[in-house]
Amino acid sequence: MNAAGILQIVVYFAVLTAGAIPLGAYMARVYSGERTWLDPVLGPIERVIYKVCFVKQDQEQHWTVYAFSALMFSVVGLLVMYAIMRLQALTPVQFNPAGQAAVAPDLAFNTAVSFTTNTNWQNYGGESTMAYLTQMLGMTVKNFTSAATGMAILVALVRGFARRQSKTVGNFYVDAVRSILYILLPLAVVVTLALVWQGMPQSFDAYTEATTLEGAKQVIAQGPVASQVAIKHLGTNGGGFFNANSAHPFENPTALSNLIEMAGELLISAGLVFAFARMIGDKRQGRALYVAMSVMLVIGIGVCYWAEAAGNPLVQAMGVDVASSDLAPGGNMEGKEVRFGIANSAIFAAATTGTSTGAVNAMHDSFTPIGGMVPMVNIMLGEVIFGGVGCGLHGMIVFVIVTVFIAGLMVGRTPEYLGKKMESREVKLAVLCILIFPLSILGFGAVAMVLPAGLAGMSAAGPHGLSEVLYAYTSATGNNGSAFGGLSGNTLFYNTTLAAAMLIGRFLIIVPTLAIAGSLAAKKIVPPSAGTFPTHGSLFIGLLIAVIVVIGGLTFFPVLALGPIVEHFALAAGTLF
């Protein structure tokens with residue numbers, strides 16, 4: 001670790017916070033139905049969309065109808081995307097210059113589920129599998145709609161806290177349309193232009209065949225890259241246009257584009273924290289959650305940076321100098337881009353797994369055991385360290401409900417949060433949300449580790465092989481999409497089971513979350529009293545972080561001890577499995 005790396009981390013958080021606060025204020029106005037500066041341009045378009053889709057803007061929905069609308073919206077999108085991939089061979093040549101064939105049924109199903117659930121797990125190479133039209137109508141469109149779904153669910157939950165004795169939580173279609181039209185689309189246009197300025201391709205040109213200095217032929221893929229990369233980061237989707245994702249020079253050409261992408265991953269998720277505070281009328285609550293999330297992210301970045309900067313002890317034992325200097329980056333540079341270095345690789349890895357983005361600018365499989373464990377643990381904690389757009393914050397609020405319940409037990413009072421009493425129904429639903437993660441991750445992981453079809457995909461034996469499988473189901477259930485690239489996931493077994501994990505991690509959490517929203521909306525708001533446990537101070541922040549870490553630790557520490565932890569000690573002892 002050096003001063004330059006630490007400065008990069010500080011600059012990153014400064015840029016993030018400076019963008020998130022005003023964006024949060026703007027998003028609060030959008031979801032509250034207040035007038036914004038984009039209304040004169042987008043208002044007429046919004047009204048046309050409602051008219052064409054037969055949506056009554058002023059007709060609100062009960063939470064059950066809201067949930068049904070979200071599920072049906074996702075199912076229809078899944079089927080359309082599956083059809084696009086299966087019919088890809090019929091795409092006109094100008095939108096399929098490489099002549100990509102139809103995608104195999106199991107891979108098409110896995111990919112359709114992946115992009116519908118905001119996971120963007122990719123068992124394929126983008127430039128070698130998907131046509132331009134598939135990338136645009138399939139991947140890019142789903143990046144918008146899946147992100148908007150998560151944002152709409154959060155808004156419904158926020159209304160549950162803000163409203164008094166209400167039977168409705170809003171209208172899903174209105175919330176989703178406003179998310180896309182007023183937030184995601186304008187930001188995506190600005191970021192796309194910035195990335196094109198930095199040298200990212202945005203065209204329909206055919207792949208270019210070049211001759212190298214040695215006389216060999218090389219095919220250089222290109223296409224409408226910038227538009228997909230912009231929304232993949234802003235919507236915490238992460239699906240790469242190219243197989244190498246954000247390590248590819250066309251997906252991440254410069255140090256500035258790298259900063260834009262890293263900031264974009266957290267910008268909306270962080271902004272929603274401040275939007276939440278404005279919508280409930282208490283900015284202190286937003287600051288408390290932002291601090292809690294930031295502390296956990298800083299710790300993750302710090303541990304990952306320390307582990308990677310320390311280097312590989314086996315390489316060091318061979319007499320290789322792993323110290324940082326003016327002439328060498330030092331540390332563990334395996335799987336990393338020299339143009340980004342260790343600090344930016346650590347920031348990217350922690351940010352992409354603290355959110356549900358899943359994009360990578362370095363190979364997590366090549367990280368040291370502890371450095372690679374950080375991204376895994378970030379997801380295991382419930383994808384609440386900012387998390388996916390909308391989903392991360394409503395996941396954090398679930399932990400808040402459990403935390404105030406524990407605090408209530410300690411002080412002998414009925415737990416309250418934002419003036420709403422957290423009774424048995426809310427606590428049970430919150431616990432259900434939390435239990436879904438380990439049940440899916442450990443359940444599917446155990447099955448994969450005993451069946452021949454699961455073992456066949458592993459590239460390594462011993463603890464690292466376990467880490468590959470564990471990371472896959474962690475990433476799928478957490479709707480993240482990043483991976484330890486050593487696992488061969490494009491098989492019938494992994495395409496099917498990973499798709500199931502994605503669906504569980506998305507929709508079995510959305511439904512109880514909306515049930516919490518409906519239950520809270522129907523309650524009265526109780527004025528704070530002398531006995532009310534404050535939820536905006538340092539004590540509550542510390543208790544909230546402790547609850548998240550303890551629940552994650554108790555649940556996943558045994559399996560982590562068999563994977564990355566034992567691999568770390570074996571590496572330190574000079575032993576290879």
Side-chain angles (χ1 to χ4, degrees), residues 1-21 24 233 236 258-259 261-274 286-310 331 340-362 364 367-368 370-388 392-393 395-396 399-400 403 478 480 482 536-553 564:
M1 299 178 72
N2 55 40
I6 295 173
L7 179 61
Q8 290 169 11
I9 297 173
V10 172
V11 169
Y12 173 66
F13 273 96
V15 170
L16 174 64
T17 305
I21 294 175
H233 288 283
T236 60
N258 190 63
L259 177 60
E261 292 182 17
M262 290 192 301
E265 288 172 6
L266 272 81
L267 180 61
I268 297 179
S269 295
L272 284 169
V273 178
F274 296 105
R287 286 195 293 267
L289 295 183
Y290 186 79
V291 169
M293 292 175 171
S294 298
V295 167
M296 289 188 288
L297 182 60
V298 168
I299 292 173
I301 293 174
V303 172
C304 186
Y305 183 24
W306 163 79
E308 297 307 302
F340 299 141
I342 291 176
N344 272 297
S345 298
I347 296 171
F348 205 114
T352 197
T353 52
T355 62
S356 68
T357 308
V360 295
N361 74 346
H364 294 180
F367 280 27
T368 61
I370 297 300
M373 186 177 73
V374 169
M376 196 185 312
V377 169
N378 282 348
I379 308 172
M380 286 177 170
L381 293 179
E383 284 283 38
V384 296
I385 307 174
F386 293 104
L393 182 53
M396 176 62 85
F399 274 104
V400 167
T403 302
N480 184 269
S482 62
H536 56 267
S538 58
L539 178 61
F540 179 77
I541 294 172
L543 181 60
L544 175 60
I545 294 174
V547 168
I548 295 171
V549 172
V550 168
I551 290 176

Under 3.5 Å: donor-acceptor pair, side chain of S269, backbone of G387: yes

Non-hydrogen side-chain atoms of L393 and F386 separated by less than 4.5 Å: no

Any donor-acceptor N/O pair, E308 side chain to T368 backbone, under 3.5 Å: yes

Atom pair OG/CD1 of S482 and I379 - distance to nearest 0.5 Å: 4.5 Å

Worked check of side chain to side chain contact (heavy atoms under 4.5 Å, CB included) between F348 and F340: CA-CA 10 Å; F348 205 114; F340 299 141; over 6 Å; no

Worked verdict on M396 versus L544 for side chain to side chain contact (heavy atoms under 4.5 Å, CB included): CA-CA 9 Å; M396 176 62 85; L544 175 60; 3.8 Å; yes

Side chain to side chain contact (heavy atoms under 4.5 Å, CB included) assessment of V295 paired with I545: CA-CA 9 Å; V295 167; I545 294 174; 3.9 Å; yes

N/O donor-acceptor pair under 3.5 Å between T236 side chain and E265 backbone: no

Inter-residue atom distance F399.CZ - T403.OG1, 0.5 Å rounding: 8.0 Å

Minimum-distance pair of heavy atoms, taken over all atoms of A263 and Y12: N-CE1, 3.6 Å

Flag, side chain of S345 to backbone of A362, donor-acceptor distance under 3.5 Å: no

For the student: nearest non-hydrogen atoms of A351 and L266, plus distance: CB-CD1, 3.5 Å

Main-chain N/O of I347 paired to Y305 side chain as donor or acceptor, under 3.5 Å: no

Non-hydrogen atoms of H233 and A359 that approach each other most closely: CE1-CB, 3.6 Å

N361-N344 side chain donor-acceptor pair, cut-off 3.5 Å: no

Residue among V360, L381, N378 satisfying side chain to side chain contact (heavy atoms under 4.5 Å, CB included) with T353: N378

Interatomic distance, S294 atom OG to I541 atom CD1 [nearest 0.5 angstrom]: 10.0 Å

Minimum-distance pair of heavy atoms, taken over all atoms of V273 and G286: CG1-O, 3.2 Å

Atom of Q8, atom of A343 and distance for their closest heavy-atom approach: OE1-CB, 3.2 Å

I301 to A346 - nearest heavy-atom pair and separation: O-CB, 4.3 Å

Residues T355, I385; criterion side chain to side chain contact (heavy atoms under 4.5 Å, CB included); working and verdict: CA-CA 6 Å; T355 62; I385 307 174; over 6 Å; no

Atom pair CE/CD1 of M380 and I548 - distance to nearest 0.5 Å: 16.0 Å

